[in-house]
Structures are given as C-alpha cells and as structure tokens.
There are 2 protein chains.
Amino acid sequence: MARKTGSKSEITGPRIREAALSLFAQQGYAAVSMRQIARAVGVQAGALYLYTSDKQSLLFDLMRDHMDGLLAASAAEPKAATPLDRLQQFTRFHILYHLERPDAVFVSYMELRNLNPENFAAIEGLRRQYEQTLEAILKDGLAEGVFRLPDTKLATLALIAMLTGVNTWYRQGGRLGPDKIASIYWDMVRKAVAA
Amino acid sequence: MARKTGSKSEITGPRIREAALSLFAQQGYAAVSMRQIARAVGVQAGALYLYTSDKQSLLFDLMRDHMDGLLAASAAEPKAATPLDRLQQFTRFHILYHLERPDAVFVSYMELRNLNPENFAAIEGLRRQYEQTLEAILKDGLAEGVFRLPDTKLATLALIAMLTGVNTWYRQGGRLGPDKIASIYWDMVRKAVAA
DNA sequence: CTGGGAAATGAACAGGTGTTCATATAAACT
DNA sequence: AGTTTATATGAACACCTGTTCATTTCCCAG
C-alpha cells in the first residue's frame with residue numbers, strides 16, 4: 001500500500017509542523033522521535049522526509065517561523081507618540097502575543113542548545129533584533145528624561161525576562177485573563193523604569 | 001579487568017553527579033546517554049548503577065539537591081529588619097546564589113518536563129516554598145504601606161523571572177560583575193514595588 | 001599473608017534511533 | 001480512459017539506548 005486516500009502535500013506539510021511543535025513543546029526535541037511525529041500525523045516515518053530534509057531543519061524552521069512572525073507582528077504595531085506610550089504598547093503586545101502561542105515560545109526558548117551552530121546564530125540574531133525594539137524605546141525615553149535606568153541593556157533583558165515569564169505560569173481559565181495580566185505587568189514595568 | 005587502582009566509592013559518586021550535571025546542562029537530559037556520562041567519569045556504563053538506581057533518579061537527585069541547597073542558603077541569610085531591607089537582601093542573594101551555580105539552575109529549570117509526575121511534584125513543591133519567601137516579604141511591605149502592588153502573586157513571579165533571567169545572559173568576564181549586576185537589578189526591583 | 005567484600009568490567013538484552021530507497025498507489029491531466 | 005506524477009509505504013541500514021549480571025580485580029582487615 002501507499003498514498004492514502006485524500007492525502008495532499010498542502011495538508012500534510014503543515015500537519016507535520018503542528019505535530020512536531022506540539023511534541024517538542026511537551027517532551028523536548030531530543031526526546032521526540034521522527035516515528036512519534038509521523039504517528040501523530042498518521043503517516044509513516046519515511047514520509048516526513050518529503051517535507052523536511054532532516055530533524056534539525058524541522059526544529060530550526062519552527063523556531064525561525066516563530067521569530068519571523070514575532071518580528072513582523074511587532075513591526076506591524078501602530079507607532080505610539082511618546083516613549084511611555086510605546087513602552088506600554090510593547091508590554092501589552094509582548095504578553096498577548098506570547099500567551100497566544102505558548103508552544104512556539106517554549107520551543108524557541110528551550111531548544112536553542114539543540115540547534116547546530118549555524119542555526120543557533122540565525123535564531124540568536126532574530127532574538128537580538130527583537131530585543132533592540134525594546135532597547136530603542138528605553139533609549140528614547142532616557143534621552144527625553146521620562147525614564148531613569150541604571151543600565152539600558154540590563155533593563156532590556158530584565159524586562160523581557162519578566163514579561164516572557166508569564167508564559168511559565170499562565171494557564172487558560174486561571175484567575176486572571178491576558179488583558180488583566182498585561183495591565184498588572186504594565187504597572188510594574190512603568191514604575192521600574194520611572195524617572 | 002575490573003576495579004582500577006585507587007578507585008573509591010566516595011570519589012566516583014560525586015564525580016558521576018558532577019559529570020551528569022555538566023552534560024545535562026550542555027546537551028539536555030534526553031540527549032545525554034549513560035555511556036556518555038560514564039565516559040566523562042572514566043568508567044564503564046554499568047558502574048553508574050552502583051551509585052544511582054536509574055537515569056531518572058540521577059536527574060531528580062541533582063534537582064532536589066539544588067533546591068534543598070537554595071532553600072537552606074536562603075533560610076541561613078540574616079533576617080533584616082524592614083520589608084525593604086529584606087527585599088534588597090533577597091534580590092542580592094537570589095542573583096549571587098544563582099550566578100554561582102549556572103548548571104544546576106539551568107537543569108532545574110529546563111528539565112522539569114523530564115521528571116516523572118511524582119518527582120515533578122516534589123521539585124515543584126520546593127520551588128513554591130522558595131517563592132513564598134519572596135511573597136512573604138512583599139505581603140509584609142504591603143501591610144506596612146511601603147510597597148504598592150497590583151497583585152502580590154504576580155509580582156512574586158514577575159520579580160523571580162526577572163532575577164533568574166540574569167543567568168541566561170551572564171558570562172564570566174563580561175562588562176559587569178555579579179555585585180554590580182545585583183545593584184542594578186535592585187534599583188529596578190525597588191522602583192517596581194514602590195508605593 | 002590470606003580471605004572477604006567493595007568496586008568495576010564487559011557482554012548481553014530487547015528495543016529504539018535518523019535516514020534512505022525501491023516500490024506501490026491515488027490523484028491530476030491529456 | 002490512459003498516462004504521468006506527486007505522495008506515501010515499509011523494509012533495511014548501521015548504530016545507539018537504559019539496564020542487568022556473572023565475572024574479575026583490587027583494597028583492606030585480621
């Protein structure tokens with residue numbers, strides 16, 4: 001037997017990526033086998049290689065797509081007038097965007113060490129690019145005197161770690177919804193950088 | 001051949017844990033084989049089972065030891081008088097303690113999903129216990145009116161994520177030493193919770 | 001100097017790994 | 001209806017996995 005009824009490239013490809021993302025998030029890249037991914041899709045392991053050159057590329061593509069999406073969505077946000085407004089917008093955007101795709105966020109943060117050096121450098125570059133959008137806001141606010149920070153670079157990393165941390169404890173149906181959480185975090189962010 | 005000259009139980013045991021911790025931190029629990037750990041120690045794979053019942057226990061013991069050490073060191077800190085001083089002490093302690101043992105911290109945060117449910121619950125309990133030392137400080141400061149926080153629980157998690165985040169970017173010999181970093185973070189923490 | 005026990009070996013077990021490829025099949029096009 | 005082509009199979013490859021255990025070696029107590 002071969003080629004099941006109703007099988008199509010445009011369907012199987014995305015399904016493989018979805019299954020891989022979900023499994024990588026749950027069990028980790030190294031702990032998930034290609035046969036396991038294939039089973040989740042309902043296909044034999046060999047068929048995966050029609051859609052990805054190897055397991056490493058499967059991981060890398062997932063991470064790069066996530067970072068590309070993040071940067072595109074970030075760039076598409078309307079530009080607020082003041083540094084304070086832009087910081088508020090960044091805070092809300094970061095929390096809401098990350099809460100909407102927990103698997104991709106988790107994989108992109110946890111599986112960095114499973115990328116080969118070349119792929120690691122690529123993802124690292126995209127991550128730095130995203131961090132710079134926040135750093136630029138902080139620098140502007142500093143120049144205008146509306147923020148006071150002991151160290152812009154450290155403040156950038158500290159704020160991002162704080163915001164991304166939401167993903168580690170947030171569970172759907174919990175005490176607080178994403179919007180409320182974003183408001184609470186904005187209160188702390190605003191004060192942390194205040195002049 | 002068997003039993004090399006000069007081999008002792010009191011030496012091999014710790015060496016296995018050190019090698020496992022280092023390898024788990026670098027490559028991840030699932031990606032590291034027992035033979036790899038044995039090779040790093042200079043022993044055959046079978047010998048590992050004289051010191052651990054299985055791979056899972058090896059991971060769990062490393063994580064539990066780390067959490068026990070963290071809680072013990074935290075409890076041994078001198079108790080400052082005011083909530084503000086206690087918060088400063090917690091901030092400094094957390095950053096310095098974590099920067100001193102990056103491998104144990106990394107493994108304890110990244111390998112939670114590789115614990116079986118029972119072991120996971122145990123580590124989770126210790127982690128919550130540690131978080132409560134910070135939450136207690138925040139609650140005291142709130143009661144005394146020296147802090148103003150929209151949500152104590154979220155502030156606890158936000159601050160810990162921010163502080164632990166230092167480990168993700170800190171490299172020895174970098175621009176700033178641990179003490180300076182702790183000062184900078186304290187400035188942001190203090191402002192974030194200020195009344 | 002010898003016996004006993006601790007410490008380590010190395011082979012074996014049953015099964016899993018990523019990846020390739022000749023082959024088979026279903027869908028799409030003429 | 002018949003042919004081409006994309007899509008999938010399933011067997012095979014060489015090797016690695018965690019764990020067990022009979023056997024061997026070395027150290028130490030008497």
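The basis for the numbers below is simple: all heavy atoms, side chains too, and nothing from hydrogens, waters or symmetry mates. In what follows, chains carry the letters A, B, and so on, assigned in the order in which the sequence lines appear, proteins first and then strands, with residues in each chain numbered from 1.
What separates CD1 of B:I11 from C1' of C:dA8 is a distance of 15 Å, to the nearest Å. Between B:L50 atom CG and C:dA6 atom C1' the separation is 8 Å, expressed in whole Å. Look at CD on B:Q27: it is 11 Å from P on D:dT17, rounded to the nearest Å. The OH atom of A:Y29 sits 8 Å away from the P atom of C:dG18 (whole-angstrom rounding). The separation between A:K55 atom NZ and C:dG16 atom P is 15 Å, rounded to whole Å. What separates CG of B:L59 from P of D:dG18 is a distance of 13 Å, to the nearest Å. Put simply, CG on A:L48 is 14 Å from P on D:dT7, counting in whole angstrom units. To the nearest angstrom, P of C:dA8 lies 15 Å from CE of B:M34.
For B:R101 and B:Y97, the positive end sits near the middle of the six-membered ring, less than 6.0 Å away and at most 45° from its axis.
Scanning both residues, B:V189 and B:L163, for their nearest heavy atoms gives CG2-CD2, 4.1 Å.
Each of A:R39 and B:Q44 was matched to the nucleotide of DNA chain C holding its nearest heavy atom; the match closer to the 5' end belongs to B:Q44. Heavy-atom distances to DNA chain D give each of B:A45 and A:G46 a nearest nucleotide, and the one nearer the 5′ end belongs to A:G46.
Residue B:V41 is classed as having no contact, given no heavy-atom separation below 4.0 Å to the nucleic acid.
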For this session: Dump the intermediate steps for side chain to side chain contact (heavy atoms under 4.5 Å, CB included) on A:R92 and A:W186, then the final yes or no.
Result: CA-CA 7 Å; A:R92 284 192 61 82; A:W186 165 237; 5.7 Å; no

For this session: Would you please test B:Y130 and B:F90 for ring-ring contact (aromatic ring centres under 6.0 Å, His included) and show each step?
Result: CA-CA 11 Å; B:Y130 179 68; B:F90 181 91; 5.4 Å; yes

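For B:T12, no side-chain nitrogen or oxygen approaches OP1 or OP2 of C:dA7 to under 4.0 Å. In this model, the phosphate group of D:dC16 is not approached by any side-chain N or O of B:S33 to a distance below 4.0 Å at OP1 or OP2.
Within 3.5 Å, a donor on the side chain of A:R35 pairs with an acceptor on the base of C:dG18, or the reverse.
Side-chain atoms of A:Y49 lie closest to C:dG18 of the nucleotides D:dA8, D:dT19, C:dG18.
Atom NZ of B:K139 sits in a sparse spot, with 12 or fewer heavy atoms from other residues, nucleotides or ligands closer than 6.0 Å.
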